Number of protein chains: 2
Amino acid sequence: MEPEPKARRVGTKQLHEEIVRLLAESGLKPGDQIPTEAELKERLGGARPTIREALKLLEQDGVIRAEHGRGRFLTAAGSIRIDRPITTFESVTEMARHFGYNLVNKILSVSEERPAADIAKALNLAKGETVIRLERLRLNDREPVLYCLDHIRRDAISDRVFDVDWSGSLIETLARYGARPSMSQARVRATFLPDDVAARHDLRDFGPALVIEETAYRDSGPPVLHAIDYHRGDRYAFSFLRK
Amino acid sequence: MEPEPKARRVGTKQLHEEIVRLLAESGLKPGDQIPTEAELKERLGGARPTIREALKLLEQDGVIRAEHGRGRFLTAAGSIRIDRPITTFESVTEMARHFGYNLVNKILSVSEERPAADIAKALNLAKGETVIRLERLRLNDREPVLYCLDHIRRDAISDRVFDVDWSGSLIETLARYGARPSMSQARVRATFLPDDVAARHDLRDFGPALVIEETAYRDSGPPVLHAIDYHRGDRYAFSFLRK
DNA sequence: GATCGAGGATTTATCTGACAACAGGCTTGC
DNA sequence: GCAAGCCTGTTGTCAGATAAATCCTCGATC
């Protein structure tokens, strides 16, 4: 005899996504109660612990709030969609694309150098180790919108510096050498372009810049890249959630 | 007969914290394997599903990475501590305090007004509803470091506008009226102070400002507050994690 | 001796079923 | 009318079992 069409095995990750979709389509408003664990089990399948893990993730996201003995409820964050939060790690190239920009890349300089003390510390370099210093300007429609100063651990790139194509996304270039970073520690501040940069590259009209300075790490731990990106103030704004 | 000193009931939240502490004290480096579920159960108590829920949270935090059949491993984020990430919701007053600033509060203006269209939309106001407009300057050691423009839903405050003490943290003031916001949707950009503000309050030397513009929501859903904070560019920088 | 495969050990992933704790409404007894 | 107690629904935790992935060992085979 055929056994019941046994509830398919369902993973936490999949459930997480399905619940998000379900909530999005449900038209629930903040403060409304969401389906109970039992209902979700009915509708989506999976065992209770698995469903609970998925719900716990939503709770940590700030999308729902659990009340012991009562139920789970949608919070304000549940109805807010942040399109491309700055807290998601992605390359400036990608970021710009989603701003509707189609950047042209000008390489101002590439060289192998002895790093300054703060860079050496951020990249966890031993004495004497060098970095690749990359200075680029990104134009949108002939207008400079982004000045980037990158320092890359020399040992992340196995080729000669001048053999590498630096005109694309830096993250993807690193990925090709098996050194893709997956997260970063970042700081944001507002300032002008450094005087010497503005003078050397005719950027005196760049105006106030939104600077994102970040150290990017590989999944396995070690830092790979230190990036300073000056975003033209009147062209960029970044979104995020605080909770 | 006495039953065995039954393993105490242990909650997910508690386990989450204990594991974080355990990892912090363990001296593990990124890429190292962390104790298995079985070991954690041994050392911290709790049932396996509970432990797994706590570990799942750490995984979502980006602190650890699970590999089926191998174990769990510390990631780079596990060893990075961001002191006060901008992604944590707190009042500017608190934020400044942790910068080492002891702000003096100057109220430039308080009034009840008909909001502009964008504010009305952000605060989800019906036609005709009004807001409290609050304009403040924060000084550190006689130097202006922060210009704040707040719009508060009129129905969040049950007193007369001039009876309220606006000199403290706005979040706490709202809390006193039972309208404490708990999260916000924020945007950051770089610009100068608006011309009229700079002119009216003698702030022409403020320089480039880091602007955080946010709409803050109550736990139950509705927006309460729209805030625009101009942070003096050479005094402020905010940290966060990207992953 | 080297190589490949089977099998076992370890670890994470999921499932099943149960009990505990809390909230809220209902009944019942006074 | 009111309060204590009970019942039900919900989330929180527990215990043990099975599934799936990875890695190591050991033995057979060439």
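Every chain is numbered from 1, with letters handed out A, B, ... down the list of sequences. What you see is a predicted model, and the numbers here were worked out from it, not measured in a lab.
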Could you list all N or O pairs between the protein and nucleotides 20-24 of chain D that sit under 3.5 Å apart?
{"residue": "D:dA20", "atom": "N3", "partner": "B:His68", "partner atom": "NE2", "Å": "3.1"}

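- Residues A:Val188 and B:Ile86 form no side-chain contact, since every pair of their non-hydrogen atoms from C-beta on lies 4.5 Å or further apart.
- At its two ends the helix from C:dG1-D:dC30 to C:dC30-D:dG1 runs along axes set 20° apart, each axis drawn from five pairs and the angle rounded to 10°.
- Here the P atom of nucleotide C:dT16 and the CD atom of A:Glu42 are 14 Å apart, to the nearest Å.
- For residues 63-74 of chain A, every residue pair satisfying the salt bridge (Lys or Arg N to Asp or Glu O under 4.0 Å) rule, not counting sequence neighbours, is listed here: A:Glu37-A:Arg72, A:Arg65-A:Glu67, A:Glu67-A:Arg70.
- Non-hydrogen atoms lying under 4.0 Å from DNA chain C are contributed by nothing in residues 19-27 of chain A.
- In summary, the side chains of A:Gln185 and A:Thr215 do not present any donor paired with an acceptor at a separation below 3.5 Å, with no hydrogens or angles considered.
- Between A:Arg65 atom CZ and D:dT11 atom P there is a gap of 13 Å when expressed in whole angstrom units.
- Ion pairing between a basic and an acidic side chain is recognised when a charged N comes within 4.0 Å of a carboxylate O; B:Glu18 and B:Arg43 show no such pairing.
- Distances shown here put a side-chain N or O of A:Thr12 below 4.0 Å from the OP1 or OP2 atom of C:dT14.
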**OP:** Any chance you could lay out the side-chain contact (heavy atoms from CB on, under 4.5 Å) test for A:Arg136 and A:Leu146, step after step, and finish with the verdict?
**Re:** CA-CA 8 Å; A:Arg136 299 187 293 180; A:Leu146 187 53; over 6 Å; no
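- Each salt bridge (Lys or Arg N to Asp or Glu O under 4.0 Å) pair with one or both residues in residues 165-189 of chain A, not counting sequence neighbours, appears once here: A:Arg189-A:Glu213.
- Within a 6.0 Å radius of CD in B:Glu39, other residues, nucleotides and ligands contribute more than 12 heavy atoms.
- Across the protein-nucleic acid pair, B:Glu37 atom CD and D:dG16 atom C1' stand 14 Å apart, rounded to whole Å.
- Look at CD on A:Glu39: it is 11 Å from C1' on D:dG9, rounded to the nearest Å.
- Between B:Asp150 and B:Arg133 no salt bridge is recorded (no basic side-chain N to carboxylate O distance below 4.0 Å).
- Using modelled atom types, one side-chain atom of A:Thr75 and one backbone atom of A:Val63 make a donor-acceptor pair closer than 3.5 Å.
- Aromatic pair A:Phe99/A:Tyr236: centroids less than 6.0 angstrom apart.
- Using a 4.0 Å cut-off between a side-chain N of Lys or Arg and a carboxylate O of Asp or Glu, B:Glu129 and B:Arg154 do not qualify as a salt bridge.
- Atom CG in A:Leu44 sits about 16 Å away from atom C1' in C:dT14, given to the nearest Å.
- For the pair B:Asp163 (side chain) and B:Arg160 (backbone), a donor-acceptor distance under 3.5 Å is absent.
- For the pair A:Arg72 and D:dT11, the criterion of a side-chain N or O lying under 4.0 Å from OP1 or OP2 is met.
- One interatomic measurement links the two molecules: CG of A:Leu15 to C1' of C:dT14, which rounds to 11 Å at whole-angstrom precision.
- With rounding to whole Å, A:Lys41 atom NZ is found 15 Å from D:dT10 atom C1'.
- Against DNA chain D, the stretch residues 48-57 of chain B makes heavy-atom approaches under 4.0 Å through B:Arg48, B:Pro49, B:Thr50.
- Under the 4.0 Å criterion applied to side-chain N and carboxylate O atoms, A:Arg242 and B:Glu214 are assigned as salt-bridge partners.
- Between the CG atom of A:Leu103 and the SG atom of A:Cys148 there is a distance of 8.5 Å, given to the nearest 0.5 Å.
- Atom CG in A:Leu58 sits roughly 13 Å away from atom P in D:dT11 (whole-Å rounding).
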